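Since the structure comes first, as structure tokens, the remarks are kept for the end.
Here the structure is a predicted model, which is why all the values come from computation and not from measurement.
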Amino acid sequence: MHTIRLTLAQALLKFLDNQYVEIDGKEIKFVKGVMGIFGHGNVTGIGQALEQDKDGLPFIQGKNEQGMVHAAAAFAKQKNRLQIFACTTSIGPGALNMVTAAATATVNRIPVLLLPGDIFASRQPDPVLQQIEIPGDYTISANDAFRPVSKYWDRISRPEQLMTAAVNAMRVLTDPVETGAVTLCLPQDVQVEAYDYPASFFRKRIHLIERRELTDSTKARALELILRKEKPLLVVGGGVHYSLATQDVIAFAEALQIPVVETQAGKSAVPWDHPLNLGAIGVTGSLAANRVAKEADLIIGVGTRFSDFTTASKYAFQHEEVEFLAINVSPLDAIKLDATAVLADAKKALNSLQAELTQKEYKSSYEDAQIQALRKEWEEEVDRLYSEERSEGLPQTRVLGEINRALGEGDVIVCAAGSLPGDLHRLWRSKLPRTYHMEYGFSCMGYEVAGALGIKLANPEQEVYALVGDGSFVMLHSELLTSIQEGQKINVLLFDNHGFQCIHNLQRENGSEGFGNEFRKRSAETGRLNGDFLSIDFAAYAGALGVKTYRASTLSELQEALKAVKKEKGSTLIDIKVLPGTNTHGYESWWQVGVAEVSTSEKVQRAYAEMQSKIDQVKGRM
């Protein structure tokens with residue numbers, strides 16, 4: 001048997017460099033490269049292997065471990081999960097910084113490969129720098145924190161174990177159902193240990209991503225359900241993108257005259273101005289979508305996991321005889337809301353069902369005039385918000401309108417947390433698929449700037465804009481520097497509204513006067529953080545990194561800045577001062593949150609009573 005003698009780290013990189021996926025006959029190299037930050041736990045192992053292999057996987061230097069994993073996840077999402085980056089860190093704090101981003105990837109079902117360094121497998125020099133010592137179990141290290149947020153976790157304590165671990169890692173990373181964060185813990189002594197690996201381990205491997213067919217029995221059940229319903233509603237989720245089924249979902253809706261609504265992950269699958277598109281659904285939904293959802297007697301979910309924001313905490317769908325049909329490759333998602341499960345690829349299922357239903361001449365009972373009236377009413381509301389003027393400053397919705405008008409159809413926006421996701425879900429007008437990139441499974445603050453870098457790496461020919469609040473920006477913006485280092489232009493549109501205003505709004509909506517969420521100085525009189533607003537010059541902040549910056553506190557300044565950033569060759573930032581509390585609010589929707597049952601505040605008492613009345617309405621719903 002022909003063997004090749006390599007260290008574990010060298011062997012791992014050689015293996016990763018020979019992994020491919022195939023879908024619909026198209027072959028794609030799966031691992032694009034490695035992002036990393038070096039420390040004593042990986043610099044002489046993975047670091048040495050990357051340095052030595054000059055023609056292998058390219059290396060991108062991260063600036064924050066969480067940030068680089070967010071960038072890797074955004075890259076994979078933008079590539080429809082058909083290509084990934086691996087991420088390497090040292091042990092201890094470097095590794096643990098990736099845990100939040102690992103959870104973000106897993107919740108969103110995005111493949112990322114994490115390669116944290118680990119303590120010595122030999123234990124000879126224990127305890128080593130950054131080692132956590134658990135007296136009752138000495139096998140535990142910081143990397144055990146990855147277990148609950150990884151879809152596959154392994155610790156490679158002998159170099160030959162790599163062969164099993166690497167193949168299993170690829171099994172999960174390329175699985176449309178089980179994908180998410182994969183963590184291979186690499187003890188620093190084992191990383192540099194040599195082994196005679198069989199040459200066959202490094203052969204080119206092509207992982208086939210097969211489209212699950214719709215079975216006859218499942219098709220019969222789905223057809224029976226649809227045929228006895230008059231007002232179905234099509235809920236488009238992220239799985240439509242991953243299945244490359246955006247045109248198929250449009251064809252299905254058109255053939256059967258079924259109105260379409262979009263989740264955060266599904267948005268941009270259908271052009272905003274399509275006659276059947278009623279826009280966003282749920283807590284952050286449009287008036288048109290939420291009104292039709294209440295009347296629908298069948299909800300057809302395609303590639304959605306039916307989160308509480310999509311279902312408005314199970315309040316959105318109110319027809320007495322409403323039933324659910326879930327087209328999904330994941331059994332976990334397909335059974336939610338007690339749905340009739342259609343375990344199949346979205347493209348395959350939609351095409352198969354459309355053919356049968358067309359043959360049976362099925363059409364929904366919606367009147368076109370009703371759908372168009374709802375669309376017109378909502379378009380007028382968006383136009384109003386996009387044109388709103390305030391003498392005291394810039395409303396957030398007006399700023400979004402100016403940005404939406406200024407950007408090209410092929411430009412990509414990315415967002416994740418704060419009040420912006422709600423406004424964007426409701427108001428943003430997307431024309432092309434994958435131009436709306438929202439991380440809202442975990443709604444992780446700090447994803448935005450890092451995510452923009454990942455998207456730019458995935459689509460270098462497109463302009464990428466990170467829409468981010470000041471709270472999220474302060475929390476994590478390290479990969480802005482990486483974008484400069486790599487020559488990958490990203491544009492940061494920073495909405496400065498003096499703090500965590502989204503949660504501030506939620507507080508006040510539920511009886512609070514507002515506490516601990518705005519960026520204010522501590523008051524000498526009250527001893528609390530309710531003094532003057534902090535004055536922060538974010539343009540100067542970013543400019544120190546080498547970013548081309550602009551400031552906008554008026555409409556004309558914003559318009560000029562948006563024109564200017566398009567001409568820049570490198571990364572940019574516009575520091576936009578917006579009025580706090582000028583985001584959109586619920587349109588006949590509801591979200592269940594915990595409200596204090598006992599309070600000295602009458603406002604909180606009323607909020608609790610109102611919350612309980614809504615909870616009573618959804619009790620018993622699966």
**OP:** Please report the C-alpha distance between Lys336 and Phe324 in whole Å, then the side-chain angles of each, then the deciding distance to 0.1 Å, and finally whether the side-chain contact (heavy atoms from CB on, under 4.5 Å) criterion is met.
**Re:** CA-CA 9 Å; Lys336 289 173 181 172; Phe324 296 83; over 6 Å; no

Subject >> Pair His425-Phe309, ring pair (Phe, Tyr, Trp, His ring centres under 6.0 Å): steps then yes or no >> reply: CA-CA 11 Å; His425 193 205; Phe309 261 65; 8.7 Å; no

**OP:** Might you work through the side-chain contact (heavy atoms from CB on, under 4.5 Å) test for Arg508 and Lys603, ending with a clear yes or no?
**Re:** CA-CA 9 Å; Arg508 290 182 296 171; Lys603 289 183 179 179; over 6 Å; no

**OP:** Report the C-alpha separation of Asp470 and Phe519 in whole Å, then their side-chain angles, then the decisive distance to 0.1 Å, and conclude whether the side-chain contact (heavy atoms from CB on, under 4.5 Å) test is met.
**Re:** CA-CA 10 Å; Asp470 53 325; Phe519 291 169; 3.6 Å; yes

Original post:
Going through the distances and angles, do Tyr587 and Ser589 end up as a side-chain contact (heavy atoms from CB on, under 4.5 Å)?
Top reply: CA-CA 5 Å; Tyr587 286 88; Ser589 186; 5.9 Å; no

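A distance-only check finds a donor-acceptor pair linking the side chain of Trp153 to the backbone of Asn143 [under 3.5 Å]. At least one donor-acceptor pair closer than 3.5 Å links the side chain of Asn510 to the backbone N or O of Leu506. The main-chain N or O of Trp591 is never found under 3.5 Å from a side-chain atom of Lys614 such that the two would form a donor-acceptor pair. The main-chain N or O of Ser313 is never found under 3.5 Å from a side-chain atom of Arg621 such that the two would form a donor-acceptor pair. Although no hydrogens or angles enter the test, the distance criterion places a donor-acceptor pair under 3.5 Å between the side chain of Arg522 and the main chain of Gly527. Between the side chain of Ser523 and the backbone N or O of Asn530 there is no donor-acceptor pair closer than 3.5 Å. The backbone N or O of Thr100 lies less than 3.5 Å from no partner atom in the side chain of Gln66, so there is not a single donor-acceptor pair. Side chain of Glu448 to backbone of Ser472: no donor-acceptor contact under 3.5 angstrom is found. Side chain of Ser613 to main chain of Glu610: a donor-acceptor pair is present (N/O by atom type, distance under 3.5 Å, no hydrogens or angles). With hydrogens and angles ignored, the 3.5 Å screen pairs a side-chain donor or acceptor of Asn491 with a backbone N or O of Val464.
Here Asp273 pairs with Lys431 in a salt bridge; the nearest charged N to carboxylate O distance falls below 4.0 Å. Glu380 has a carboxylate O that lies under 4.0 Å from a charged side-chain N of Lys376, or vice versa, which qualifies the two as a salt bridge. The existence of a salt bridge linking Arg109 and Asp175 is excluded, since no basic side-chain nitrogen approaches an acidic carboxylate oxygen closer than 4.0 Å. Checked for salt-bridge contact, Glu321 and Lys229 miss the test: no charged N lies under 4.0 Å from a carboxylate O. In this structure, Lys151 pairs ionically with Glu178, as a charged nitrogen and a carboxylate oxygen lie closer than 4.0 Å. Using a 4.0 Å cut-off between a side-chain N of Lys or Arg and a carboxylate O of Asp or Glu, Lys577 and Asp496 qualify as a salt bridge. In this structure, Arg375 does not pair ionically with Glu377, as no charged nitrogen and carboxylate oxygen lie closer than 4.0 Å. For Glu323 and Arg228, the salt-bridge test passes: some basic side-chain N is under 4.0 Å from an acidic carboxylate O. Salt bridge present: Arg384 and Glu381 bring a charged side-chain N and a carboxylate O closer than 4.0 Å. Between Arg398 and Glu402 a salt bridge is recorded (basic side-chain N to carboxylate O distance below 4.0 Å).
Residues Glu439 and His70 have side chains that never bring a donor and an acceptor to within less than 3.5 angstrom of each other. With no hydrogens or angles considered, no side-chain donor-acceptor pair links Asn277 and Trp272 at under 3.5 Å. Asn64 and Asn97 share no side-chain donor-acceptor pair at under 3.5 Å. Side-chain atoms of His504 and Gln501 form a donor-acceptor pair, as typed in the model, at a separation below 3.5 Å. A side-chain N or O of Asn80 and one of Arg434 form a donor-acceptor pair less than 3.5 Å apart. One side chain, Thr183 or Ser150, offers a donor N or O that lies under 3.5 Å from an acceptor on the other.
None of Leu385, Leu467, Leu493 except one satisfies the side chain to side chain contact (heavy atoms under 4.5 Å, CB included) rule with Leu400; the exception is Leu467. Partner of Phe495 under the side chain to side chain contact (heavy atoms under 4.5 Å, CB included) criterion, out of Asp575, Leu420, Ile574, Leu394: Leu420 alone.
The shortest heavy-atom contact between Ala269 and Val240 is CB-CG1, 4.1 Å. Here the closest non-hydrogen pair linking Ala416 and Ser443 is O-OG, 2.9 Å. Between Tyr315 and Val618 the shortest heavy-atom distance is CA-CG1, 3.9 Å. Here the shortest heavy-atom pairing between Leu350 and Phe252 reads O-CD1, 3.5 Å. Annotation for Ile327 and Ala349: closest pair CG2-CB, 3.6 Å, computed over non-hydrogen atoms. When every heavy atom of Gly67 is checked against every heavy atom of Ala450, the shortest pair comes out as O-CB, 3.1 Å.
Side-chain contact check for Arg426 versus Ser286: every heavy-atom pair is 4.5 Å or farther apart. Using a 4.5 Å heavy-atom cutoff, the side chains of Lys231 and Ser364 are not in contact. The shortest side-chain heavy-atom distance between Phe500 and Met445 falls under the 4.5 Å cut-off. No side-chain heavy atom of Glu379 sits under 4.5 Å from any side-chain heavy atom of Val382. The closest side-chain heavy-atom distance from Val492 to Val468 is below 4.5 Å. Counting heavy atoms from C-beta on, the side chains of Val302 and Ile300 come closer than 4.5 Å. The shortest side-chain heavy-atom distance between Tyr465 and Ile403 does not fall under the 4.5 Å cut-off. Ser599 places none of its side-chain heavy atoms less than 4.5 Å from the side chain of Tyr608.
Within a 6.0 Å sphere centred on CD of Glu230, heavy atoms belonging to other residues, nucleotides or ligands number 12 at most. In this structure, Glu367 places its CD atom where only 12 or fewer heavy-atom neighbours from other residues, nucleotides or ligands lie under 6.0 Å away. Around CG of Asp616, the count of heavy atoms belonging to other residues, nucleotides or ligands within 6.0 Å exceeds 12. More than 12 heavy-atom neighbours from other residues, nucleotides or ligands sit within 6.0 angstrom of CD on Glu392.
Ring planes of Tyr447 and His437: parallel class, angle under 30° (limits at 30 and 60°). Using bins of under 30°, 30° to 60° and over 60° for the plane-to-plane angle, the ring pair Phe533/His498 lands in the parallel bin.
How far CG of Leu424 is from SG of Cys415: 5.0 Å, rounded to the nearest 0.5 Å. If you take CG on Asn583 and SG on Cys502, they are separated by 7.0 Å, rounding to the nearest 0.5 Å. Taking OG1 from Thr397 and CD from Glu388, the interatomic distance works out to 4.5 Å, rounded to the nearest 0.5 Å.
Qualifying side-chain hydrogen bond (donor to acceptor under 3.5 Å, both in side chains) partners for Gln396, counting only residues two or more places apart in sequence or in other chains: Ser419, Asp423.
Seen from the ring of Tyr436, Lys267 counts as a face-on cation partner, given the 6.0 Å and 45° thresholds.
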